[in-house]
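From a predicted model like this one, the values you see are computed outputs, not experimental measurements.
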Amino acid sequence: MIKIAIDGTAASGKGTLAKKLASKYNFVHLDTGLLYRKVASDLIDQKKMNYGNLEVNSCEIAKKLDFQDLIKENLRSEEIASLASKIATIPELRKILDNKQKTFVNENINKFSGCVLDGRDIGTKILPNADFKFFIDASIEIRAKRRLLEKNISFLHENDEECMLQSLIEKMIVRDRLDNNRLISPLVPAEDAYVIDTSSMNAEQLFLEVSKIIEGKL
Ligand code: DC
């Protein structure tokens, strides 16, 4: 099985890239951020994020997590994202979710000729022997603008748009700080990863560049 690991910051383009590659090569794809988002979403729904023990509660939810639930729900809100990033610092939770991701790959080994996993620690922790590793990043302003565009909001005043952009930048800085500086599995490029800055690239250009690298080696 050919293994492709894609890591990177929020809104860097890694998710779209992973989907496009999986579809082009007919590989199975897992957006690993969804696992953390699903646990965060259940904590919010069950009103368990502000009291009690966040570690015990999130681990309990993670143990019961079913991959089918990940595609059913909309897990893309900023509230879910920031709690996901907070709980992603809990070592015991990461252990449970790491095992789920590795099981996912093993269960698909005989069903697909390849897999694409995207997240924060795929090249360093989940698939350290991946055939291809990519680390995708872009400037914070560009990433915030992409997130804003995804939201598809029409603003009456330019000021409102600017305010929302600033608020997104602030939230992203907090999330980047948590993801980059946690003690366990921080977001860092694997030594053997291709590092790509997408600040001046669109999704198609990134896809073409990465496809060229993959096909040059296969
Ligand atoms: O990729 P995303 O924005 O959906 O991820 C949400 C959060 O989940 C992210 O801020 C950190 C965490 N995460 C992680 O720690 N490790 C991963 N492999 C994927 C996501």
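Distance OG/Ser58 to CG/Leu65: 11.5 Å, rounded to 0.5 Å. For the atom pair CG of Leu17 and CG of Leu206, the computed distance is 4.5 Å after rounding to the nearest 0.5 Å. Within the model, atoms CD of Glu55 and CG of Leu93 stand 8.5 Å from one another, a figure rounded to the nearest 0.5 Å. In this structure, Asn180 CG and Arg177 CZ are separated by 10.0 Å, a value rounded to the nearest 0.5 Å. Taking CG of Leu168 as the start and CD1 of Ile173 as the end, the distance is 11.0 Å to the nearest 0.5 Å. Note: Ser77 OG to Arg37 CZ = 7.5 Å, rounded to the nearest 0.5 Å.
A salt bridge links Arg76 and Asp31; the closest N-O separation between the charged side-chain nitrogens and carboxylate oxygens is under 4.0 Å. Ion pairing between a basic and an acidic side chain is recognised when a charged N comes within 4.0 Å of a carboxylate O; Lys38 and Asp42 show such pairing. Ion pairing between a basic and an acidic side chain is recognised when a charged N comes within 4.0 Å of a carboxylate O; Asp192 and Lys133 show such pairing.
Across every non-hydrogen atom of Ile4 and Leu127, the tightest pair is O-CD1, 4.2 Å. Heavy atoms only, all atoms of each residue included: Lys14 and Gly119 are closest at CE-O, 3.4 Å. Here the closest heavy-atom approach between residue Leu218 and residue Ile2 is recorded as CD2-CD1, 3.8 Å. Across all non-hydrogen atoms, the minimal contact from Asp118 to Gly15 is OD2-CA, 3.8 Å. Nearest heavy-atom pair, Leu70 versus Leu75, reported as atom, atom and distance to 0.1 Å: O-CD1, 4.1 Å. Ala84 approaches Ala40 most closely through the heavy-atom pair N-CB, 3.6 Å.
Using modelled atom types, one finds no donor on one side chain facing an acceptor on the other under 3.5 Å when comparing Ser12 with Asp137. Counting only N and O atoms by type, the side chains of Arg146 and Thr198 include a donor and acceptor under 3.5 Å apart.
Put simply, the side chain of Ser85 never gets that close to the backbone of Ala81: no donor and acceptor are under 3.5 Å apart. Under a 3.5 Å cut-off, the side chain of Thr89 and the backbone N or O of Lys86 do form a donor-acceptor pair. Under the 3.5 Å distance criterion, the side-chain polar atoms of Asn108 are left unmatched by any main-chain donor or acceptor of Lys111. For the pair Glu170 (side chain) and Ser167 (backbone), a donor-acceptor distance under 3.5 Å is absent.
Cluster annotation: Ile140 and Ile136 are assigned to distinct hydrophobic clusters (Ile/Leu/Val/Met/Phe/Trp/Tyr, side-chain heavy-atom contacts under 4.5 Å, transitive). Hydrophobic cluster membership differs between Met172 and Ile142, with clusters built from Ile, Leu, Val, Met, Phe, Trp and Tyr side chains linked at under 4.5 angstrom. Residues Leu165 and Ile153 fall within the same hydrophobic cluster, defined by Ile, Leu, Val, Met, Phe, Trp and Tyr side chains chained together at heavy-atom separations under 4.5 Å. Ile109 and Val28 end up in the same hydrophobic cluster when Ile, Leu, Val, Met, Phe, Trp and Tyr side chains are linked at under 4.5 Å. Note on Leu34 and Ile126: same hydrophobic cluster, where clusters join Ile, Leu, Val, Met, Phe, Trp and Tyr whose side-chain heavy atoms are under 4.5 Å apart, directly or indirectly.
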Subject >> Test side chain to side chain contact (heavy atoms under 4.5 Å, CB included) applied to Asp121 and Leu187, step by step >> reply: CA-CA 6 Å; Asp121 60 346; Leu187 172 65; over 6 Å; no

Subject >> Criterion side chain to side chain contact (heavy atoms under 4.5 Å, CB included) on Arg120 and Lys125, from CA distance to verdict >> reply: CA-CA 9 Å; Arg120 300 290 191 289; Lys125 190 82 189 275; over 6 Å; no

**OP:** Output, in order, the C-alpha distance, side-chain angles, deciding distance and verdict of salt bridge (charged side-chain N to carboxylate O under 4.0 Å, His left out) for Glu78 and Lys151.
**Re:** CA-CA 11 Å; Glu78 293 304 321; Lys151 290 183 188 297; 3.5 Å; yes

**OP:** Would you check, one step at a time, whether the test side chain to side chain contact (heavy atoms under 4.5 Å, CB included) holds for Lys19 with Ser23?
**Re:** CA-CA 6 Å; Lys19 274 188 218 136; Ser23 151; over 6 Å; no

Subject >> Worked verdict on Asp176 versus Arg143 for salt bridge (charged side-chain N to carboxylate O under 4.0 Å, His left out) >> reply: CA-CA 12 Å; Asp176 281 356; Arg143 293 191 286 124; 2.6 Å; yes

Subject >> Worked check of side chain to side chain contact (heavy atoms under 4.5 Å, CB included) between His157 and Glu162 >> reply: CA-CA 9 Å; His157 301 288; Glu162 193 48 41; over 6 Å; no

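Aromatic ring centres of Phe104 and Phe67: separated by under 6.0 Å.
Other residues, nucleotides and ligands contribute more than 12 heavy atoms inside 6.0 Å of the CG atom of Asn106. Within a 6.0 Å sphere centred on CD of Glu215, heavy atoms belonging to other residues, nucleotides or ligands number more than 12. Other residues, nucleotides and ligands contribute more than 12 heavy atoms inside 6.0 Å of the CD atom of Glu150. Summarising the local packing, NZ of Lys95 is surrounded by 12 or fewer heavy atoms from other residues, nucleotides or ligands at distances under 6.0 Å. Surrounding NZ of Lys24 are more than 12 heavy atoms belonging to other residues, nucleotides or ligands, all under 6.0 Å away.
Two residues are said to be in side-chain contact when any heavy atoms from C-beta on lie closer than 4.5 Å; Tyr36 and Leu97 meet this criterion. In this structure, the side chains of Phe112 and Val105 stay at 4.5 Å or more apart for every pair of heavy atoms. The closest side-chain heavy-atom distance from Pro186 to Asn181 is not below 4.5 Å. Counting heavy atoms from C-beta outward, Leu117 and Ile6 have side chains that stay 4.5 Å or more apart. Using a 4.5 Å heavy-atom cutoff, the side chains of Ser211 and Leu21 are in contact. When side chains are defined from C-beta on, Arg94 counts as touching Ser185, because their heavy atoms get closer than 4.5 Å. Here the side chains of Val56 and Glu92 are not in contact, with every heavy-atom distance at 4.5 Å or above.
Applying the salt bridge (Lys or Arg N to Asp or Glu O under 4.0 Å) rule to pairs touching residues 202-212 yields Lys20-Glu204, sequence neighbours excluded.
With sequence neighbours excluded, the residues satisfying ring pair (Phe, Tyr, Trp, His ring centres under 6.0 Å) with Phe27 are Tyr25.
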